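Here is the structure we will look at.
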Protein chains: 2
Amino acid sequence: MSISERKEREKKEMRQAILDAALNLFREKGYDAVSIRNIAEAIEYSPATIYLYFKDKNEIFFALQYEAAAVKRDHLLPVAQIEDPWQRLTEFGRRYIDFGMKHPGLYDLLFIIRAPMESVENQECWLLGMSVHKFFEDTVQACIDARYFKSTDAKTIAYTLWCHAHGLVSLFVRDRMRMYPPEERGELARKSFAMLLKMAETL
Amino acid sequence: MSISERKEREKKEMRQAILDAALNLFREKGYDAVSIRNIAEAIEYSPATIYLYFKDKNEIFFALQYEAAAVKRDHLLPVAQIEDPWQRLTEFGRRYIDFGMKHPGLYDLLFIIRAPMESVENQECWLLGMSVHKFFEDTVQACIDARYFKSTDAKTIAYTLWCHAHGLVSLFVRDRMRMYPPEERGELARKSFAMLLKMAETL
DNA sequence: AAATTTACTGAACACTGTTTAGTAATGTCA
DNA sequence: TGACATTACTAAACAGTGTTCAGTAAATTT
């Protein structure tokens with residue numbers, strides 16, 4: 001059955017080609033500014049062809065969101081190797097912010113864009129994101145167990161750290177740091193992260 | 001010149017009617033989901049009429065952004081009455097978060113939606129926002145002067161506090177707290193704000 | 001009363017997401 | 001090999017979008 005195998009492979013390639021083109025366009029112009037016709041033109045097929053591979057424009061979005069979640073996981077999970085929980089937590093935070101800065105388009109996709117949460121694709125994405133979030137909360141708990149924190153409220157600690165990191169990245173990604181000169185922004189973010197760590201040590 | 005006065009008044013009323021209708025629709029359905037035709041229908045005029053009062057759809061957005069900035073200022077600036085800088089700062093933070101929770105549509109308009117920043121309307125909005133931000137940074141500086149903080153890096157402290165508050169609000173506004181049961185979210189946000197204040201005391 | 005200015009609109013243009021009917025090529029099987 | 005079925009794709013259409021413009025009817029000025 002080599003023929004049907006080739007067909008299936010080609011189908012996957014086509015699907016991926018659509019996703020690649022879509023991601024490039026989304027990153028350049030944003031989700032709403034990209035039309036199905038734009039994507040179709042980029043892959044040199046008719047708009048209707050896209051609908052043979054994706055139910056609608058949303059489903060393309062969901063598939064990309066899943067890809068973004070996978071990239072994020074791969075960016076973060078290497079820290080699982082770090083034994084010391086406090087070091088693991090700080091490196092996790094550093095990498096979380098680094099992911100957002102390096103892939104603003106993906107971060108947008110995952111945490112900022114207003115998106116309906118329905119499809120199967122998206123449920124997988126959700127589960128993936130949840131597992132990373134659980135790893136994060138577990139690391140906070142490990143810090144508590146190792147007496148790095150006096151507080152024992154792991155959930156609130158994790159959420160508070162997350163708020164800071166998300167706030168930092170999304171102010172950056174959505175260009176709400178105009179009051180700070182461009183060349184200072186990176187430095188300010190780094191200083192703020194360091195300040196948060198200092199503060200967190202007193203928890 | 002009572003006639004021309006009436007005309008000018010009517011012109012302002014029409015402009016405001018368009019803005020009111022647009023804001024209602026934007027809050028219900030989001031910026032992109034609202035069409036000029038929807039707004040026109042709401043005020044019972046033809047779509048073309050809208051263009052006599054606004055250059056394009058973006059300019060309606062800018063005008064609303066300015067209104068949002070004014071609402072935010074009115075929500076926050078009463079704390080200027082509070083003498084003690086630390087109390088002033090904490091109440092400012094509480095109100096900032098409160099504003100975001102109470103007016104998610106306006107918060108979105110101001111800090112999340114990807115928006116080109118060009119028009120005159122928008123420049124006024126920017127100046128308004130800057131003045132509130134300056135008040136915030138001044139309050140942090142006042143806390144430093146009153147020895148509430150050991151650190152003297154007002155800018156980084158202000159930015160760090162802002163990151164947390166913005167992260168907290170925007171995770172809420174953009175519905176990224178699904179891992180926490182709905183009835184716990186408010187409580188978690190309150191706890192996190194309290195935790196940040198506790199941490200900030202050690203700065 | 002005539003001329004001008006104002007406020008508004010219908011209809012069009014080029015775009016959007018999506019559906020449908022149809023085509024041309026490929027794969028299957030007698 | 002020839003007939004049939006499936007696959008992969010598309011042109012064209014539908015209803016929607018932001019926006020423009022020629023035209024109109026009413027209000028105001030002369």
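Computed from a predicted model, the values in this text were never measured in an experiment. As a basis for the values below, the full set of heavy atoms in this structure was taken, side chains included, without hydrogen atoms, waters or symmetry mates.
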Margin query: Taking the ring centre of each residue, are Phe62(A) and Phe54(A) less than 6.0 Å apart?
Written below: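 No, the ring of Phe62(A) stays outside the 6.0 Å limit from the ring of Phe54(A), centre to centre.
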Margin query: Quick check on the 6.0 Å ring-centre criterion: do Tyr107(B) and Tyr96(B) meet it?
Written below: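 Close enough - the centres of the two rings lie under 6.0 Å apart.
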How many whole angstroms separate atom [atom1] of [X] from atom [atom2] of [N]?
{"X": "Ile43(B)", "N": "dT9(C)", "atom1": "CD1", "atom2": "C1'", "value": "13 Å"}
{"X": "Ile50(B)", "N": "dA7(C)", "atom1": "CD1", "atom2": "P", "value": "16 Å"}
{"X": "Ile18(B)", "N": "dG18(D)", "atom1": "CD1", "atom2": "P", "value": "14 Å"}

Report each atom pair, protein N/O against N/O of nucleotides 23-25 of chain C, whose distance is under 3.5 angstrom.
none

Next item on the list: State, without any angle test, whether Ser170(B) and His166(A) hold a side-chain donor-acceptor pair at a distance under 3.5 Å.
Entry: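 Side-chain D/A pair, Ser170(B) to His166(A): present.
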Closest approach of [X] to [Y] (non-hydrogen atoms, all atoms of both residues):
{"X": "Val169(B)", "Y": "Gly100(B)", "answer": "CG1-CA, 3.7 Å"}
{"X": "Leu109(A)", "Y": "Ala68(A)", "answer": "CD2-CB, 4.3 Å"}
{"X": "Ile50(B)", "Y": "Ile60(B)", "answer": "CG2-CD1, 3.8 Å"}
{"X": "Arg176(B)", "Y": "Met179(B)", "answer": "O-SD, 3.8 Å"}

Check: For Ile36(B) and Asp56(B), what are the C-alpha separation, side-chain angles and deciding distance, and is it a side chain to side chain contact (heavy atoms under 4.5 Å, CB included)?
Finding: CA-CA 9 Å; Ile36(B) 295 287; Asp56(B) 51 28; over 6 Å; no
Pairs under 3.5 angstrom, nitrogen or oxygen only, protein versus nucleotides 5-8 of chain D, please.
unit_1 : atom_1 : unit_2   : atom_2 : d
dA8(D) : OP2    : Lys11(A) : NZ     : 3.4

Item checked: Residues forming a ring pair (Phe, Tyr, Trp, His ring centres under 6.0 Å) with Tyr45(B), sequence neighbours excluded ->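 With sequence neighbours excluded, Tyr45(B) shows a ring pair (Phe, Tyr, Trp, His ring centres under 6.0 Å) to no residue whatsoever.
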Would you mind writing out the side-chain donor-acceptor pairs for residues 194-203 of chain B within the sub-3.5 Å range, not counting sequence neighbours?
unit_1    : atom_1 : unit_2    : atom_2 : d
Thr202(B) : OG1    : Met199(B) : O      : 2.6

Notebook entry, point to check: Using rotation axes that map the C1' atoms of four end pairs onto the next four (five pairs an end), what angle separates the end axes of the helix from dA1(C)-dT30(D) to dA25(C)-dT6(D), to 10°?
Noted result: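 Overall, the helix from dA1(C)-dT30(D) to dA25(C)-dT6(D) bends by 30° from one end axis to the other.
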Check: Taking atom CZ of Phe172(A) as the centre, does the number of heavy atoms from other residues, nucleotides or ligands within less than 6.0 Å exceed 12?
Finding: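 Check fails, neighbour count at 12 or below.
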Notebook entry, point to check: Can you give one letter per nucleotide of nucleotides 10-19 of chain C, going 5' to 3': B for a protein heavy atom under 4.0 Å from the base, S for sugar-phosphate only, - for none?
Noted result: B-B---BBBB
Checklist line | Pair Arg190(A) + Glu187(A), salt bridge at N-O below 4.0 Å | finding: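 Judged by the 4.0 Å cut-off on N to carboxylate O distance, Arg190(A) and Glu187(A) do form a salt bridge.
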Margin query: So if I apply the side-chain hydrogen bond (donor to acceptor under 3.5 Å, both in side chains) rule between Asp98(B) and each of Lys102(B), Arg94(B), Arg95(B), which one comes out positive?
Written below: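 Looking at Lys102(B), Arg94(B), Arg95(B), the match for Asp98(B) under the side-chain hydrogen bond (donor to acceptor under 3.5 Å, both in side chains) is Lys102(B).
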